[in-house]
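Chain naming here is simple, since letters A, B, ... match the order of the sequence lines and numbering starts at 1 in each. Since the model is a prediction, treat every value here as computed from it, not as a measurement.
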Number of protein chains: 2
Amino acid sequence: MHPWGAFVKNEYSVYDLGVPKVSDAHREQRREQILIAAWKCFARNGFHSTSMADVIAEAGLSAGAVYLYFKSKEEIILAVASQVFGGISGRMAEWSQHEPPPSPAEVVGFLIQQPVLARAQAPGDLFPLLLAVWSEATRNPVLADLADEIMAALRQQITGLFERWERTGRDLRIPARDLAPV
Amino acid sequence: MHPWGAFVKNEYSVYDLGVPKVSDAHREQRREQILIAAWKCFARNGFHSTSMADVIAEAGLSAGAVYLYFKSKEEIILAVASQVFGGISGRMAEWSQHEPPPSPAEVVGFLIQQPVLARAQAPGDLFPLLLAVWSEATRNPVLADLADEIMAALRQQITGLFERWERTGRDLRIPARDLAPV
DNA sequence: CTTCCAAGAAGGATCGTTCGTTTTCCTGAG
DNA sequence: CTCAGGAAAACGAACGATCCTTCTTGGAAG
């Protein structure tokens, strides 16, 4: 469900004293609310140029409230980065199971046009954030491991697609010109 | 020579009063010294996680001295980023004029293995910095323009290579498997 | 009444930058 | 060649701003 790991279950029972005031669902919703705000801020200004004050304002909460759900800015960054990587992986996984399999040229076109060689000035919602995460991954060991997993999964899905294409008996070569579109 | 533009020439004559104490060459050298230090710091920690104190210490100078040669951190970032882009462009331009022309597979392999799909944990000197610059380019208009120029030049050089390869009468198709190396 | 979420002011640290001072070194006179 | 004169280079302490985080207080919900 959530890429950043299983949510810590509330250990209280409704029959105990000291019942928490809000449900787990509410807590989850608050986390989501904060992450969405952080997502927007990070996409706009990158990780280290957005202040906690920015995130807090975007979320429409207070500092104290935000720090009830995340114990540091670092934790929010990791959560958002994991979501970004998870999103990429999920989208690719979904797309890689289409029937009939897309041609190798389509696969490569998807890869280089969507995230990599797109113009810096015409980013989708994901592109600036993906770059930020990727850049951060060169410094943060946790993110580096995540990035490696994603890369491995991507490679596997791509080769899987190629194999399925090959089984249809068609050409497994890509016209070079498709790789440098005007 | 220097990607960030022509160095402002010393307007004093040796016959005037107020002759500067150091030569233009010395000034140039100092700028270079600061930029090298900044390069190292930025490659290590990214733009916004390296403080001016880091750069100043790495350069072995004082704050006042550094601010004699660059008027802000932003200016240093732009200078380094321009150097990075210039380096990429230069390397590709050089490589694209090899004789005989490299095969399309080689070209693509160079592109995806060198900067793009390399493992985040095994970066060359340039990779983390390239990511940082690229990420910054999604926010900084000056860098965005620079990035677009670089991209356009790259595309042109790639298509040029493909055309030269085609003129040798050989196959202009790339085996798909080359694009997802194990 | 008890419990804890939410708020927001405040703390301590660090940031980029400036500025008054010292040092360096070229110049021109003796 | 020597030496004062002076301007630029270099220094580094200090400044205001901003950063992330904590902590006290208020109030809603069971």
Residues in side chain to side chain donor-acceptor pair (under 3.5 Å) contact with [X], at least two apart in sequence or another chain:
{"X": "Q33(B)", "result": "R30(B)"}
{"X": "E166(B)", "result": "R177(A)"}
{"X": "N45(A)", "result": "none"}

Checklist outcome for this item: dist M92(A):CE -> L161(A):CG (nearest 0.5 Å) comes out at 5.5 Å
Next on the checklist: Give me each pair satisfying salt bridge (charged side-chain N to carboxylate O under 4.0 Å, His left out) with a member in residues 72-84 of chain B, each pair once, sequence neighbours excluded.
Outcome noted: K71(B)-E75(B)
Checklist outcome for this item: So the salt bridge (charged side-chain N to carboxylate O under 4.0 Å, His left out) pairs with at least one residue in residues 44-54 of chain B (sequence neighbours excluded) are R44(B)-E58(B)
Rounded to the nearest Å, what distance is computed from the [atom1] atom of residue [X] to the [atom2] atom of nucleotide [N]?
{"X": "I34(A)", "N": "dC5(C)", "atom1": "CD1", "atom2": "C1'", "answer": "12 Å"}
{"X": "Y69(B)", "N": "dT17(C)", "atom1": "OH", "atom2": "C1'", "answer": "18 Å"}
{"X": "L68(B)", "N": "dT23(C)", "atom1": "CG", "atom2": "P", "answer": "17 Å"}
{"X": "R27(A)", "N": "dT3(C)", "atom1": "CZ", "atom2": "P", "answer": "18 Å"}

Checklist outcome for this item: The contact string for nucleotides 12-23 of chain D, one letter per nucleotide 5' to 3', using protein heavy atoms under 4.0 Å with B, S and - for base, sugar-phosphate only and none, comes out as B------SSBBB
